[in-house]
Amino acid sequence: MVRTKLILLAIAALVSAASAGIWLLISVKQVAQERRDQFFGTSKKYPTSGGEKMKVEW
């Protein structure tokens, strides 16, 4: 009886630790993706409608 409870407790602890680790891994990847998008993303707005002639920027 005690052995069964210990096994169930160990399984529950393992599952909870694994889920916490996966959650932290996903949240870290999401923050890194947002930071990457902000760094490499363009800040200029390039309108493609309205009939304006495109200017070459050198």
Side-chain angles (χ1 to χ4, degrees):
M1 181 97 167
V2 174
R3 184 176 178 190
T4 305
K5 287 182 181 180
L6 287 176
I7 291 172
L8 290 175
L9 184 62
I11 290 172
L14 183 66
V15 168
S16 65
S19 64
I22 291 171
W23 178 73
L24 286 173
L25 184 67
I26 290 173
S27 66
V28 167
K29 283 186 176 183
Q30 184 178 10
V31 169
Q33 179 68 32
E34 290 173 0
R35 193 175 300 149
R36 188 179 310 119
D37 288 341
Q38 184 179 11
F39 182 77
F40 288 113
T42 179
S43 61
K44 294 182 180 179
K45 303 282 184 193
Y46 296 107
T48 58
S49 63
E52 291 185 27
K53 196 178 250 188
M54 291 181 66
K55 297 178 184 176
V56 178
E57 295 182 15
W58 296 97

How close do S16 and S19 get, heavy atom to heavy atom, and via which atoms?
O-OG, 2.9 Å

Around atom CD of Q38, are there more than 12 heavy atoms from other residues, nucleotides or ligands closer than 6.0 Å?
no

Roughly how far apart are I11 CD1 and L14 CG, rounded to 0.5 Å?
8.0 Å

